[in-house]
K.L.:
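One structure is given below, represented as structure tokens, and several questions about it will come after.
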Protein chains: 2
Amino acid sequence: MSSRQAFIPHPASAGPGQGLSPVVRGRAVTRTSDRVYDELVSAIRELRLVPGASLSETDLAERLHVSRTPVREALARLADAGLVHVVPQVGTRVGLIGLRDVEEARFVRESLEISAFEVACEGSAPDVSTLRELLERQEHSYRTEDYNAFFAADEALHGEIFNLSGYPGAWQAVQRTKLQLDRLRRLVLPDLAAVRVLIDEHRSIVDALEATDIAAGRTLISRHARRAIELAPSLRARYPDYFTD
Amino acid sequence: MSSRQAFIPHPASAGPGQGLSPVVRGRAVTRTSDRVYDELVSAIRELRLVPGASLSETDLAERLHVSRTPVREALARLADAGLVHVVPQVGTRVGLIGLRDVEEARFVRESLEISAFEVACEGSAPDVSTLRELLERQEHSYRTEDYNAFFAADEALHGEIFNLSGYPGAWQAVQRTKLQLDRLRRLVLPDLAAVRVLIDEHRSIVDALEATDIAAGRTLISRHARRAIELAPSLRARYPDYFTD
DNA sequence: GCCAGTGCACTTGTATGCAAGTATGCTGAT
DNA sequence: ATCAGCATACTTGCATACAAGTGCACTGGC
């Protein structure tokens, strides 16, 4: 076989590369198509499937021990989300990280999160207990250097802000466009100092929310949202094949 | 206008062979799956497929003169977008208009459009020539009472605001969440007076943009975004079967 | 050595067959 | 008349077979 580098793990992690975990076929309480979709999304987000990697329906099917049908349905949804590109009769590739898409995701996220912050401040004192708890989880992840746990708690914290605003669905809208940005953050994640900064920013945002200080919130969220992006140039220099305009 | 034939006016009337788009089986430049998807999206948006209508893969397949496979892929993408709901081994239905989803779509749209407005004002005097042209098209649609043309020009105008902001992709993000709201507007659209109000509001927004009056833009866009929603209660009273919380 | 041409291997797109689950309506008994 | 039980038709999920197009490598000729 030629370049079978479709399932490289994280480019920076030296751990043994585990590809896609096979989806067990059998009595399905959940649909196989959904499992394949979830598996592919997480694989792309976690860069186990690197940008530009060529996918093959038949290859994925036998790798996941399913037929092509559910794989095709999952790929159709992924193509709809812009995570993969399908060229008929030619092939399917994992989409590259588009810097323009990343910048637009930043715009969407910053705008909506600031708006959610403002709405959350409008009522009386918002309940920040869940946010405090998530901050604790992040601190724990920082101490144990568990990047995956931090990543999950990070997601949950920003989602909680939308919950407090009363528009939890808006967070789903953000996440759709944010997938490009997530991959960027994955590249920079194994940096303990950067995680320290992010947690501190999170705490400041939570403090501002508790004080219903809208002006501070706007500034903090804006700066926080632009944090990941400012590293894009150096990351592109390090992984040029993963990026595009 | 390229208004295709409605293939399902109402779920109860299962008339014979309501001709679909002439989908020639076999030789196809565009993928059958995509054509089916586009057809279904427009049918749902234009309420030719009413909320709650039950769909059947086999029925759609023979109606469109294709096999179930492309229909299934289209439905999978539609389910991902929240336009249809698939219950395994039970059936597929067009999603109801969720008032909560509508309100969240309003939030997303208002937030992003205001942000785009602000960014578009940041530079020097923005080029509003395209917007003026779209306003003229809307006036023409108003005079000829061509609601479909007005709907299209309305879409284009709001999209142009995002173009001027430099974040055209954000408009795509809005449109995804806005589908619920579009159906609501379809219900209220055949009202000439309402169209008159909308056009006037559009003109005010364009004026504010040309004058780079951010404060006015915020107020105008906010009011404009809430315009469609304020009719939701009466619409729900009129079409109770189409709505849900 | 180089280039043109061709065949093959691989890709995705589509159609069809089969399996499993659910709702419905009919039938028979009480 | 009413209700329990069952057969049947209909639904979606999955696997497989076939079709069509593309790129590439190999081969033959120059």
Side-chain angles (χ1 to χ4, degrees), chain A residues 1-7 20 22-40 49 52-80 82-95, chain B residues 8 11-12 14 20-40 49 52-80 82-95:
Chain A
M1 293 301 177
S2 55
S3 62
R4 181 56 72 87
Q5 57 179 7
F7 309 110
L20 299 171
V23 178
V24 184
R25 176 163 70 184
R27 303 275 7 109
V29 290
T30 67
R31 298 188 302 206
T32 306
S33 166
D34 289 340
R35 287 202 303 272
V36 172
Y37 177 81
D38 292 338
E39 178 63 24
L40 287 176
L49 286 173
S54 79
L55 304 175
S56 164
E57 295 178 358
T58 56
D59 185 49
L60 285 173
E62 65 184 28
R63 221 174 258 273
L64 298 166
H65 298 90
V66 298
S67 80
R68 277 183 57 208
T69 307
V71 173
R72 273 188 64 79
E73 291 181 6
L75 286 177
R77 293 164 62 189
L78 286 169
D80 221 34
L83 283 180
V84 304
H85 291 88
V86 179
V87 181
Q89 269 72 31
V90 173
T92 304
R93 311 183 77 89
V94 178
Chain B
I8 298 184
L20 243 294
S21 44
V23 176
V24 182
R25 194 151 113 184
R27 295 276 305 165
V29 253
T30 67
R31 300 193 306 218
T32 306
S33 166
D34 289 341
R35 287 202 302 275
V36 173
Y37 178 79
D38 293 339
E39 178 65 23
L40 288 176
L49 284 174
S54 81
L55 304 175
S56 164
E57 295 178 0
T58 56
D59 184 49
L60 285 174
E62 66 184 26
R63 226 174 254 272
L64 296 163
H65 298 89
V66 297
S67 81
R68 277 182 56 206
T69 307
V71 173
R72 272 186 65 80
E73 291 183 6
L75 286 178
R77 294 164 62 190
L78 287 169
D80 217 35
L83 283 179
V84 305
H85 291 89
V86 179
V87 181
Q89 271 73 32
V90 173
T92 304
R93 312 183 76 89
V94 178

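Numbers restart at 1 for each chain; the letters A, B, ... are given by sequence-line order, proteins then strands.
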K.L.:
Could you state the atom-to-atom distance from CG of A:Leu60 to C1' of C:dC10 in whole Å?
P.N.:
14 Å
K.L.:
Drop me the distance from B:Leu78's CG to B:Thr92's OG1, to the nearest 0.5 angstrom.
P.N.:
10.0 Å
K.L.:
In terms of the nearest nucleotide of DNA chain D, which residue is placed more toward the 5' end: A:Asp34 or A:Pro88?
P.N.:
A:Asp34
K.L.:
Whole-Å distance between D:dA15 C1' and A:Arg68 CZ?
P.N.:
11 Å
K.L.:
I'd like to check the side chain to side chain contact (heavy atoms under 4.5 Å, CB included) partners of A:Arg93; sequence neighbours left out, ordered by chain and number.
P.N.:
A:Ser54
K.L.:
B:Val86 versus A:Arg31: any side-chain heavy-atom pair under 4.5 Å?
P.N.:
yes
K.L.:
Atom NE2 of A:His65 and atom C1' of D:dA15: how far apart are they, to the nearest Å?
P.N.:
15 Å
K.L.:
Take A:Thr69 and A:Val86, find for each the nucleotide of DNA chain C with the closest heavy atom, and name the residue whose nucleotide sits nearer the 5' end.
P.N.:
A:Val86
K.L.:
Could you tell me whether the phosphate oxygens of D:dT11, OP1 or OP2, come under 4.0 Å of any side-chain nitrogen or oxygen in B:Thr92?
P.N.:
no
K.L.:
Quick one: A:Leu55 CG to C:dC10 P, roughly how many Å, whole number?
P.N.:
17 Å
K.L.:
Minimum heavy-atom separation for A:Val71 to A:Ser67, with atom names?
P.N.:
CG2-O, 3.5 Å
K.L.:
Please give, in whole Å, the distance from C:dT11 C1' to A:Arg72 CZ?
P.N.:
11 Å
K.L.:
Taking for each residue the nucleotide of DNA chain D bearing the nearest heavy atom, is the 5' side occupied by A:Ser33 or by A:Val90?
P.N.:
A:Ser33
K.L.:
Are OP1 or OP2 of D:dC10 and a side-chain N or O of B:Thr58 less than 4.0 angstrom apart?
P.N.:
no
K.L.:
Within the pair B:Thr32 and C:dG13, is there a side-chain N or O less than 4.0 Å away from OP1 or OP2?
P.N.:
no
K.L.:
Over how many whole Å does the gap from A:Leu64 atom CG to D:dA15 atom C1' extend?
P.N.:
15 Å
K.L.:
Between A:Ser56 and C:dT11, is there a contact of a side-chain N or O with OP1 or OP2 at under 4.0 Å?
P.N.:
yes
K.L.:
Can you name the residues that form a side chain to side chain donor-acceptor pair (under 3.5 Å) with A:Ser56, not counting sequence neighbours?
P.N.:
A:Thr58
K.L.:
I need the CD-C1' distance between B:Glu57 and C:dG17, as an integer number of Å.
P.N.:
15 Å
K.L.:
Rounded to whole Å, please give me the gap between CD in A:Gln89 and P in C:dT11.
P.N.:
12 Å
